[in-house]
Each structure stands twice: as structure tokens, then as C-alpha cells.
Amino acid sequence: MSEYDYRAIEQKWQRFWSENKTFKTEIDKSKPKFYSLDMFPYPSGAGLHVGHPLGYIASDIVSRYKRLKGFNVLHPMGFDSFGLPAEQYAIQTGQHPAETTTQNIARYIEQLNNLGFSFDWDREVRTSDPSYYKWTQWIFLQLFNSWYNQDTGKAESIENLKTEFSLRGNTQLNAAQDEDTPHVTADAWARLSEKEQHDLLLKYRLTFLSEAVVNWCPQLGTVLANDEVKDGVSERGGYPVERKLMKQWMMRITAYADRLLQGLDTIDWPEPVKEMQRNWIGKSIGAVLHFPLKGHPEKNVTVFTTRIDTIFGASFVVLAPEHEFVTEITTAEQLAEVQAYVAWAKNRSERDRMTDVKSVTGVFTGAYAVNPISGDKVPVWIADYVLAGYGTGAVMAVPGHDTRDYAFAKKFNLPILEVVAGGDVSKEAFAGKEGKIINSGFLNGMDVKDAILAGIARAEELGVGKARINYRMRDAVFGRQRYWGEPVPVYYKDGIAELLDDSELPLVLPDVDAYLPTETGEPPLGRAQDWKYRGEFEYELSTMPGWAGSSWYWYRYMDAQNDQAFASKEAIDYWQAVDLYIGGSEHATGHLLYSRFWNKFLFDLGLVNQDEPFKKLVNQGMIQGRSNFVYRVKNSNQFVSFGLKENYDVTPLHVDVNIVENDVLDLERFKAWRSDFADAEFILEDGKYHVGVEVEKMSKSKHNVVNPDVLVEEYGADTLRMYEMFLGPLEQFKPWNTNGMDGVYKFLRRFWKLFYDEQGNWAVTADQPTSAELKALHKTIKKIEEDVERLSFGTSVSQFMICVNELTALKTKKRAILEPLTVVLAPYAPHIAEELWSRLGHAETITYATFPTWQEEFLTESTFDYPISVNGKVRSKKTFDLKATKEEVEKAVLASEQVQKLLEGKPVKKVIVVPGKIVNVVI
RNA sequence: GCGGAUGUGGCGAAAUUGGUAGACGCACUAGACUUAGGAUCUAGCGCUGCGAGGCAUGGGGGUUCGAGUCCCUCCAUCCGCACCA
């Protein structure tokens, strides 16, 4: 067999790798470790399209390269197999989500294996497998049994907190807790009933039950976390989302807000992702201020502000419509109007609010408050531009220096005061922070920055406010009223949420007769028969959200079979953190933030040894569809080629990209594609039908989905792997275009031919290589090494092509060149490399061969042509000895007759020599 | 509105610290060969000009002997956040 028969080769080696467990990984302390992780996929029914494997190919190249470099590489794959689509499908078909999920996973594994990935399948995880979610539930228990101590800056056992309460109560405590936590002395704590003690502890636990305004999606029948809502609709399905007050399981991620923010500075992640997380956390430094209410001596409106320097310009106060004071302080005259407004604001959906941010609405309560610093009497208004969920749900309005307050004051004719010089408040708000404070008593003449500090100091001195750091991030809703997720391991005894014991895990998802809510509106788990704790108590009926199982899975890969712990200490100590994590940027504020949160929590408990789980993150760009169009002449069965369509009245139609090549339509296949096209007629250009092109999302309805299996069949996995890398930078979004795969395929065939003579006989010799051959080889080794280290895979493919072109021209058949080159190629095109490696006589797989080392001596030549430029313009060339020093080159240039002629006797200012590049004479 | 990224031939793209812009591939053109193939090989291929040359990295300006790369400014496209006080 002397032809490059990729089908036979790829089949042979995929079977070999699988049968011999070539990629099985064990802890090996004699080698440095490398943990290379892909974001594990959700196994959807549609299977993989050509865009999905992009990141996997990149991480596989790195993994194979690192193995060749002597690293012990952990490169696993698994499935994020709980989730809504399987459940929606189950609702439609009645088929158990576990069944469809298993089928989909089987298909995914087959497709992945077709591409020759070096995964250790013995470490595969599935989040929906009870042996896996046992540990997801276990981590839930640990979170429930922990609270966050702000003084020590870490999570601690809830037992410490009980001790603290019985000794000192909670008045001295500096903990992450609910806003409405009451003060309790040690005595009072002792007098609380068991239920009351539980309720108080819930206000500290890191998973807790809480009455909160949540995102409720009626169509999906569940609540959603903030990151699962985009533009007021659900991320999955695009259904409208409402605000609703519900008792819910929550995760106290806000406890970690500051550490999540600080940690970003220590990790090698793309700046956009870090920035998105920073915005999501939304730290702002300011102050809270209490405004006493006229006529309510016991009440203060508390506002949060970052601009206390403008306090003298605060001419009114605005409450959110949901603010607790609204009903109490509204005067009789204003009552009707206020009630109408509150009702109207409540019924507006999230969507309405977001699309309608510009209109200014609000209403006066009739109440007045006192500016605690200036002493001015200011009216209290209600408006929905103030958000109940941020800060204190109330603001001091400074219309002169805030655009929203300005618009509001203009509309309702409220006073606008100028307290920072530099703008023109008769025209617009001046929100800038450069300028001197004016009209502000003791703050006059200060810079904004100084005035903020002085303002806070005065407020604290007067006891009317204090410095406060505020975060935009909210605690995450953790319960989902759905079936296909991890059951929350909780039961209710006398109204108290009790946890299952470690030994009772996993709490296995019960079977139900339908995947819909019960008649009484309970989640689907309410349908389970006899599903009671010890036959007595009701279980919690909500399940965990999709992100629960994915927030710790990289630890499970370290020790996937362990049934004593989520991973052994030995495995965690050895593998530590993920060295390279590749995945899409769509997880920036979801998975990647929750994972960091759980990791930090596990770190606090001493269960893991890394504060940050993913040292380096790379976002692979999504591959978009490249749709093709044909143009049908109206009311006919004639199709006109792209360039001529302007001459006709046409309707564009999506055409299957698989019957188009190089943007030319295959007419016969087109006729066969759909029966109504069987007798189609064509108006051609140069005898060809050119199709139109547009970039869109890859989807079935647009007929632009390219299936990797088809390309593997047609070109082979090695070609597809290299072509996906060749397509452009990994991080970049780009449309898929099958044109050009030929180029890579040709390269692999030419590579193969290097090992054979023209008659097709094995022709590798033991001859000594020439310096030209060595140069071609070492240049390539060097380039590939650099490229893999900086994840620039596209240019590697180019370099391989250059190398093969050079070796073909040199007619190289020498083992000393071809053997190391095969090893260098192996990470990119593992099948052909294995085959040639074995034909070269190696009994062992190439996987653990040694990556060759490049040597400088083969790369240099003794002489080099320098272009000589005068004032930056190239005038001549001269050959220099490369080993010459800069000074020697300078002298030689000045002495050169040619250069003297060019200079025409003008004096030389300086000579610039850039070794290997250029000599420039400046006159 | 705020934040981030990107902009180079017909197309995908290279250019790692400022040093001969367009490597490599696709498409295209011409030629060779032939068991006529979706094969292989050779040459050409930014624009302009017969030519030496001139002009070219979204537009304009600047720093420099020298700028795709650094600075200022404007434009376009994409992404994220969005009444966050």
C-alpha cells in the first residue's frame, strides 16, 4: 500500500488507541503534569457540527505536544448532561430524558472519536449520573453547613457560628448575611425556638432559603438566574421572564464578590472575559446616608451614593416603587396617585422596562425628608428608574450632576442646583469628576475626590451615614422547578429544612409519570410516588440549576471513579489546577464565575489546594455558517446565476451548502435535492452557476450546517483537524468555508509521498542529510514549538506546507529528516503520523515519542544578503558574513564603493544595523 | 450611553521586540504531462505604469532614518453591559 489511504489509516489507529488505552493517564510523580481541559458539551440531539470541535482540536494539539515534551497530560472529556432541552423533548415525546441523553452521548462520543482526540475515556464524567451528582449534592451540603466570616475572609463551619451566637450573639459579627437579619444577643439566641434558630442561621448559610424577587419564566415553569436571562427573555428558548417574589434556594455568591474580583488579577484570561466579570460583580465605592423623614421621627430614608461630594445639590429623594416606606409615608392627598403608579410599575414586564428606558415617569409621595448635611427640606418621590434591587432602593437626586436625575427634575419641575463647577446646568447635567465644588458650605473649593472623603468624614461625625462598598452582583437563585436536574438533598421536618446525611447520598432522581408541574402547581418531582424521606417527610421538590454540575467537574476528572470522595487528596495534590482551559466566551458570567466561586469555597474548606481553578483561559471563536443562495426567477422554475440576478425579478432561496463547491452549484445534485427542482432550468455565467453567499448562524433551516463526519469521510480527520486550525486565529469568529480543504489534503498527500519513490516503493534511506535539509527541518521544529506555546496553530500548518515544499524540491528521502518531522506533525495529524512512524519500524506508538530539539547552528547561514537603504529607501544589496559584528558591518558598508556612490559625498550621520534584516545609512 | 475587540489583495490570512508588507493556502490565468482527474507538475497573481518607477495595511494628522505595529483624532463592523445612583 503506497497510496495515502486515510480511511484505512484512521480506522486502524483509532481502533488501536482505543483497544490499547493509549491515552490512559495515571498519576506519575516522575513527570511534570499538564492539565488541558475543554469545556464539556451539552449533548444535544443535533450532534456535533463542524464548529464544535474547533476548541477540542486546539486542546488536543497542545495535549499531544505536551506528551511529546515529556509531560504527564490530563486530557479528559465528559458531558454536561442535565438540562432543559432534554426535558423539553421529554415533555413532547414522553421519553425519559435519561434515555435520550444516553443516546445523544453515544453519538457525541462516536463523532469525537472520528476526529482522533486523545481523551482518556476512563475518566469520562456525566453530570446526570448518580455517581457524579452524589458529589454535587455533597458540595451543596458543605455550602449549607458553612457561613462566610468577613473578618477571616473565608468560609467557616456553621458550628462555629452557633458557638459565636451563644457566646456573643450576632451584634459583633462581621459576616455575609441577608439584609434583613435582626440583631440578636447571646441571651436572645438562647431563648429562640429551634425553628427560629434555624431561620436565623439560614440568613448566614452559603446555600439558603430566602423570600426574594426572582426571574420567573412561566413558559419554562421555573425560576432562572440573572445570567440565564438575556434582554428580558430566557437564554434557553427565548421566553418572556417576569419578576416574582418567591421562596427559593439561593447561593450566597455575594460573600465572595471581592475575592472573585481580586482573583482576576492573578489569572491569565482574555481581558474581555475579565472585564465582563468585573462589570458583573460591579463594585462601587461610596457611602450610605440617612435622610430623616418629616413627620416620622423614627424613620430615615437610607440612600446609597458614590457622589457624596454633591450632597448640597441633592434637591429631592427618590424611592423605588417597591420600597417598603412607600405605603407608610404617602400622604392622603397623594395616595390614589401613588397606588396607581405602584400598580402600573409592578405590572410592567422586565422587557417593557428595558425597551423603554428613556421615558421619565414618577410620582410625588407628599412626604418630605431632611438633607442630613445641608439641612434642606427635600420632597420624596417615587420612580421606577430607581431599582429596588440595587443599593438601598433609594437615591438622593442631584439633578445638576446626574443625567437621570436631571431628566426627572426637568420633567417634574424640581430645583436643579449647581455644586460642581465646570458644566452648564441650565443646559444639561454635568456628571464629570473634574472641577471644584461650589455652593456647598464646608466643601467649597475642594476637588471632587477630596470632597468625597470630606463628605464621608462629616457624615460619620454627624452619625448620619458611613462609607459603604456596594456590589451589583446578586446572590444566585439555585432552585429550579424542573425535573431533569440534581434533586436538592433536603427534606422538611416541622417546617425546618433538614439535610440528608452524607451516607444517604445520592438522592436519586425518582421516576415520574409526566415531566410537567402537578395540578397544584408543584414542580414535576411532586408527581413521584412514595418519594419521602424515610417514608415520612416531604423532600424538597426543586432541582439544581444547570450550572451546579459544571461548577466543579474538573476535579472529578482527576479521580473519576472514586466513591469515597469527589476526588482523592492525592489526585488533587498532583493535578492541582487546570493549566489550559479552552471554551466559548458565552460562559463568561455564568459557568466561569460560578466555578470560581465553588472553587474558592472548596479551597476555604481545605478540600482543594488552588484558589483559582483555571490558570489560563482561551476563548475559541464560534464558527458561523456560510449560507449559499440560488435566485429563482419569479413565477418560473428558472434559476439565475448570482452575477446576472439584477436583470431579473428574483427570490433568493437557501440552498444546501453540501451541493455547492467553490461557490459554484452542482446542477445535477441540485435537481436531485428537491423534487420540485427536478426540471429546473439555469441561466449560467461562463457555463457555471455562481451562488450568493451570506454569513449567518449555523442552522438546519438555513441549509448551512456542515457535519464533520461528512468531511472526515471525504478528506479524513487529519485534514479536517489541520484545516480547522488553518482557517484563522483560534479566538476569532469566522464563517465555515469548506473551500480550501483541498490545500491541506494536498499537503498531507505530499507529506506521505516524501516516504515513497515515484514507483510507489518505500524509499526512506539512512543517508546523511545536507545542510539545506537540516535547515528546512529545524526551521519547522522551531516554528511549531513556538506556535503551540502561544496557541497560534494556523501558521504551523503554513510552516508544514513550506517544509514539505522544500523537501519535495530537494527530493529528500532521508530518515534523519523525515523521522523527526513525523513527530513534529503528530499533534496536528496524529493518524498519518502514527502510520508512518510504524512504517519507519517503531513498535511503540508515536504518542510518547520525544519531540525533537531544534538547533540554532542548522538555521544560520554563513552569509546573508542585507538590503542597504539610505534614509529608509532601499538602494542596493550587499552580502555580509552573518557572524560579523554590527561594527564590522558598519565599516564594510561605509567602505563599500556602491554606497559611496549613492551618498554622493554627503556626510553620514549614522549607520543602523539590524542583524539579519537591514542596514540603513542615515545622511 | 458605558466598556471591550476588530479593520491588511478577489477570498481565508501572515508579519513574535518599530526594520524589504501580503508568508502559506484558496480562487484565478498561462503552460506541461496524461491511464482525462475533484490528478500531478511549472510559472504568474496588491494597484498603477511599456519602463525605471510611483501608490498601497479603514480615513486624516503626528513621532521616527524607518510605522500594519507607537501617539492623537475621526469612521465602520462585531461583542458585552445597560436607568447600578
Side-chain angles (χ1 to χ4, degrees), chain A residues 230-231 270-280 282-284 286 303-307 310 314 318 353-354 356-360 383-387 389-398 401-405 407-408 431 470-473 585-586 588-589 621-622 661-664 666 693 714 723 726-729 731-735 737-747 749-750 753 783 786-787 789-790 792 794-803 805 808 865-874 877 909-923:
Chain A
K230 296 262 148 82
D231 300 325
E271 200 49 47
V273 176
K274 287 193 190 184
E275 204 53 37
M276 272 191 249
Q277 293 209 347
R278 285 191 193 107
N279 289 339
W280 190 262
K283 181 176 184 171
S284 54
V303 304
F304 173 73
T305 180
T306 56
R307 293 295 304 275
T310 62
V318 190
R353 282 196 39 173
M354 296 177 104
D356 186 28
V357 293
K358 286 197 182 72
S359 69
V360 179
D384 73 347
Y385 81 86
V386 177
L387 304 174
Y390 181 75
T392 60
V395 301
M396 62 177 218
V398 185
H401 305 283
D402 181 281
T403 48
R404 295 151 304 171
D405 297 343
F408 196 80
N470 205 28
Y471 295 95
R472 212 171 74 188
M473 184 165 66
S585 58
E586 66 272 20
T589 50
M622 207 193 300
E661 193 164 348
N662 288 332
D663 297 335
V664 173
D666 183 324
V693 172
E714 217 171 326
Y723 184 60
F726 186 66
L727 214 50
E731 297 89 343
Q732 199 169 298
F733 280 61
K734 56 217 161 207
N737 188 350
T738 305
N739 303 350
M741 277 202 49
D742 276 331
V744 175
Y745 182 60
K746 264 189 244 176
F747 153 73
R749 268 214 318 238
R750 296 182 64 177
K753 281 189 182 166
K783 177 81 174 135
E786 285 170 355
D787 281 350
E789 297 288 352
R790 68 191 170 105
S792 170
T795 50
S796 286
V797 181
S798 295
Q799 181 57 44
F800 282 125
M801 289 174 175
I802 293 167
C803 183
N805 287 345
T808 304
D865 286 335
Y866 277 72
I868 297 174
S869 62
V870 177
N871 278 354
K873 304 224 167 188
V874 176
K877 273 192 182 174
K909 277 192 197 151
K910 58 179 168 177
V911 178
I912 296 151
V913 181
V914 179
K917 292 281 184 183
I918 193 165
V919 179
N920 192 11
V921 181
V922 182
I923 55 176

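In this structure, R404(A) does not reach the rG1(B) phosphate: none of its side-chain N or O atoms is under 4.0 Å from OP1 or OP2. Considering only side-chain N and O atoms, Q732(A) lies nowhere under 4.0 angstrom from the phosphate OP1 or OP2 of rA5(B). Remark: Y385(A) is not in phosphate contact with rA85(B), judged by side-chain N or O atoms under 4.0 Å from OP1 or OP2. When the side-chain nitrogen and oxygen atoms of K734(A) are compared with OP1 and OP2 of rA13(B), none of them lie within a distance under 4.0 Å. Under 4.0 angstrom from either OP1 or OP2 of rA27(B) there lies no side-chain N or O belonging to N737(A).
Among the nucleotides rU16(B), rC26(B), rC24(B), the one closest to any side-chain atom of N739(A) is rC26(B). Nearest to the side chain of E786(A), among rU16(B), rA15(B), rA13(B), sits rU16(B). Checking rG12(B), rA14(B), rA85(B) against every side-chain atom of F304(A), the shortest atom distance belongs to rA85(B). Of the candidates rA85(B), rA14(B), rG25(B), the closest approach to any side-chain atom of T305(A) belongs to rA85(B). Closest contact between the side chain of M801(A) and the listed nucleotides rC24(B), rA85(B), rA15(B) involves rC24(B). Distances from the side chain of R472(A) to the nucleotides rA85(B), rG25(B), rC81(B) place rC81(B) closest. Checked against rA15(B), rA85(B), rC26(B), the side chain of K746(A) finds its nearest nucleotide in rC26(B).
Of the C1' atoms belonging to rG22(B) and rC45(B), the separation is 12 Å, rounded to the nearest Å. Between rC74(B) and rG68(B), the distance separating the two P atoms is 22 Å to the nearest Å. Comparing the C1' positions of rG58(B) and rC41(B) gives a spacing of 40 Å, expressed to the nearest Å. The P atoms of rG38(B) and rA5(B) are separated by 48 Å, rounded to the nearest whole Å. The separation of rU6(B) from rU69(B), taken at their P atoms, amounts to 13 Å, rounded to a whole angstrom. Using atom C1' as the reference point in both rA21(B) and rA13(B), the two lie 13 Å apart (nearest Å). Between rU42(B) and rA56(B), the two P atoms lie 36 Å apart (nearest whole Å). Here, rA23(B) and rA43(B) have their P atoms 15 Å apart, quoted to the whole Å.
Rounded to whole Å, atom C1' of rG3(B) lies 15 Å from atom CH2 of W280(A). Put simply, CE on M741(A) is 13 Å from P on rA27(B), counting in whole angstrom units. Between the CD atom of Q799(A) and the P atom of rU16(B) there is a distance of 15 Å, given to the nearest Å. As a whole-Å value, the separation of Y745(A) OH from rC26(B) P is 14 Å. Spacing between atom CG of D742(A) and atom P of rC24(B) amounts to 18 Å, rounded to whole angstrom units. Here rC84(B) presents its C1' atom at 13 Å from CG of D405(A), a figure rounded to the nearest Å. rC84(B) atom P lies 20 Å from atom CE of M276(A), rounded to whole Å. Per the geometry, CD belonging to E271(A) stands 18 Å off P belonging to rG80(B), to the nearest Å.
A 3.5 Å limit on both hydrogen-bonding distances identifies rG46(B) as the Watson-Crick or G-U partner of rC55(B). The nucleotide rA5(B) finds its pairing partner in rU77(B), both defining distances of the Watson-Crick or G-U wobble pair being shorter than 3.5 Å. With both pairing distances under 3.5 Å, rC33(B) is matched to nothing as a Watson-Crick or G-U wobble pair.
Side chain of D405(A) to backbone of V398(A): a donor-acceptor contact under 3.5 angstrom is found. Of the possible donor and acceptor atoms, one in the side chain of K734(A) sits under 3.5 Å from a partner among the backbone N and O of P729(A).
Where D787(A) and K753(A) meet RNA chain B, the nucleotide closest to each residue was compared, and D787(A) sits on the side nearer the 5' end. Along RNA chain B, the nucleotide nearest to R750(A) and the one nearest to G728(A) differ in position, and the one closer to the 5' end is contacted by G728(A).
Only one option out of V386(A), T305(A), L387(A) pairs with V395(A) in a side-chain contact (heavy atoms from CB on, under 4.5 Å); it is V386(A).
Side-chain N/O atoms of E714(A) and base N/O atoms of rG38(B) include a donor-acceptor pair closer than 3.5 Å.
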